[in-house]
Number of protein chains: 2
Amino acid sequence: MSETRSQVLIVEDEAQIRHFVRLALEADGCVVQEAGRLADGLLIAGAGAIDLVVLDLGLPDGDGIDFIRAYRGWSDGPVLILSARTEERHKIDALDAGADDYLTKPFGVGELRARVRALMRRRQRAGGEVSPLLEFGDIVVDLAKRQVWRKGEAVHLTPIEYRLLAMMVSHPGQVLTQRRLLAEIWGASYIESSHYLRVYVGHLRQKLEDDPAQPRHFLTETGVGYRFQTGT
Amino acid sequence: MSETRSQVLIVEDEAQIRHFVRLALEADGCVVQEAGRLADGLLIAGAGAIDLVVLDLGLPDGDGIDFIRAYRGWSDGPVLILSARTEERHKIDALDAGADDYLTKPFGVGELRARVRALMRRRQRAGGEVSPLLEFGDIVVDLAKRQVWRKGEAVHLTPIEYRLLAMMVSHPGQVLTQRRLLAEIWGASYIESSHYLRVYVGHLRQKLEDDPAQPRHFLTETGVGYRFQTGT
DNA sequence: GGAATTGTTTACGACTTTTTTACACGGAAG
DNA sequence: CTTCCGTGTAAAAAAGTCGTAAACAATTCC
């Protein structure tokens, strides 16, 4: 936490706990954003440069496990679970879905802060080792900074465009089915709205392909989904 | 844990718990080394090749915190604390000294394994995942990416063509009856429409065989079905 | 409050895939 | 030799999918 302060997102329905966590983390110099529902949380996480997510599993508008899976679709950032569920089964499921730590309520504020510090420390160390720049022909993507360049020029992407791109570059060469893309970007209730994908893949091709009509990276697999091709 | 198995070091004075942890982690494919004292633990860890340390804080020959500090002097590898001490102060101190996770005794074996998997996952994420390739002469199939190559060149297949190919390469050398292929690809009500198969096997031969008229992989078993021959 | 940006929805032509139709080939049985 | 059956190609028609532009609604930003 030397120059840029860490951005933390809290996804939690109880305003009281949100506030409690916010105070705890701000004491360590974090910048905190709050979301009361999973859908809002995904929106914020997709829109901004979030360094760490603190997630309550028991939210009213959906299962927190689904949030982890969706988030993991485009981000490797640490996720700490807060939950009232103490059963081992829940912990295992959350950790295996991609969470990094699991803290059961009630928890001590000091322990929460220490665990957040541990995750942040590990994150910064990992960032130093590996270059976060992904390069594909003319396209360069920095997933950590949420920035995209084409032929050296910065490209502006909207939140949805960015999440779609991040999902695709995170699975190079692989076909991502329409159902999966829709479920992880718009939510499980949108798996039939495939026209959204046509519109937004179109946007990405417009902004990132040399010839949008003859895409070389964002390939269509008719009837199945889309494939991000890394090669030239 | 793709090729090289993870090396785990357990530093713990009670032989019973050591054995318990060893069994738990070996079940996940880890290679486990044990140390009963901090000094022995440092010696083993110092020899290198350790991917993760499971450390009991309450050892007779010294403070576990000192172990963490010493270990952090040369390694960034993950450290998971096991401890009978439940007080928050101890957790905070251990985490701030460089530990990555803190589990209080008694703990569930499932949770321990899940937390170890979470730490390992984060460690290995930098390395790209490799999906298994099926190779048959000139033909290479990547079922995970849904991609097919012939003599190094990508081959485009329609959904039905791909499902037919996937079925055949999944049962190499085996005769698949027309009824079975039709039922699995088109549905149970199509088991008499054997003529679809002629069309689509024809497509596959056209796209993947050297001489479609003299197929070497997609063989006809007249009156029965088709066989996928793996050999050259 | 107004302007700019972003997300959603609609419409339609172009394109891909599937289904259907037609016909030629070749071996086995009569 | 002819007939029949299962088979292999080709190409049509039909069905389904995709890409784009543009209008509208919601949201954000000044």
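Predicted, not measured: the structure shown is a model, and the values here were computed from it. Every chain is numbered from 1 and lettered A, B, ... according to where its sequence line falls, protein lines coming before strand lines.
- In this structure, CG of B:Leu204 is placed 16 Å from C1' of D:dT7, rounded to the nearest angstrom.
- The nearest whole Å value for the distance from the CG atom in A:Leu43 to the C1' atom in D:dT28 is 12 Å.
- For A:Tyr200, no side-chain nitrogen or oxygen approaches OP1 or OP2 of C:dT6 to under 4.0 Å.
- Taking only side-chain nitrogens and oxygens, A:Arg198 comes nearer than 4.0 Å to OP1 or OP2 of D:dC18.
- At whole-Å resolution of the value, CG in B:Leu164 and P in C:dT19 are 13 Å apart.
- Base engagement by A:Val199 is indicated by at least one non-hydrogen atom pair under 4.0 Å involving a base atom.
- Listed pair A:His156 / C:dT5 fails the phosphate criterion, with no side-chain N or O lying under 4.0 Å from OP1 or OP2.
- Going from atom OH of A:Tyr196 over to atom C1' of C:dT8 covers 5 Å, rounded to whole Å.
- The residue among B:His195 and B:His203 whose nearest nucleotide of DNA chain C lies closer to the 5′ end is B:His203.
- The A:Arg205 side chain lies nearest to D:dG19 when the options are D:dG19, C:dT5, C:dT17.
- Regarding contacts with the backbone of D:dT7, a side-chain N or O of B:Gln178 is found under 4.0 angstrom from either OP1 or OP2.
- Note: B:His217 and B:Phe228 have parallel aromatic rings, judged against thresholds of 30 and 60 degrees for the angle between ring planes.
- Residue B:Thr222 has its side chain nearest to D:dG6 when only D:dT20, C:dT20, D:dG6 are considered.
- Regarding contacts with the backbone of C:dT8, a side-chain N or O of A:Trp186 is found under 4.0 angstrom from either OP1 or OP2.
- The phosphate of D:dG6 has neither OP1 nor OP2 within less than 4.0 Å of any side-chain N or O from B:Ser194.
- Checking A:Ile50, A:Asp40, A:Ile10 one by one against A:Gln33, the side chain to side chain contact (heavy atoms under 4.5 Å, CB included) holds for a single residue, A:Ile50.
- Salt bridge annotation for A:Asp13-A:Arg18: absent, with no cationic side-chain nitrogen under 4.0 angstrom from a carboxylate oxygen.
- Note on B:Tyr226: only backbone sugar-phosphate atoms sit closer than 4.0 angstrom, heavy atoms only; bases stay farther off.
- Between the CG atom of B:Leu219 and the P atom of D:dG8 there is a distance of 11 Å, rounded to whole Å.
- Between the CD atom of A:Gln214 and the C1' atom of C:dA14 there is a distance of 14 Å, given to the nearest Å.
- When the P atom of D:dA22 is taken as reference, atom CD of A:Gln206 falls 12 Å away, rounded to whole Å.
- A side-chain donor-acceptor contact under 3.5 Å links A:Arg227 to the backbone of B:Lys145.
- Looking at A:Ile185, A:Leu182, A:Leu164, A:Val201 one by one, the single match for side chain to side chain contact (heavy atoms under 4.5 Å, CB included) with A:Tyr196 turns out to be A:Leu182.
- When the C1' atom of C:dT5 is taken as reference, atom CD of A:Glu161 falls 11 Å away, rounded to whole Å.
- Using a 4.0 Å heavy-atom cutoff across all strands shown, A:Ser193 reaches no nucleic acid atom at all.
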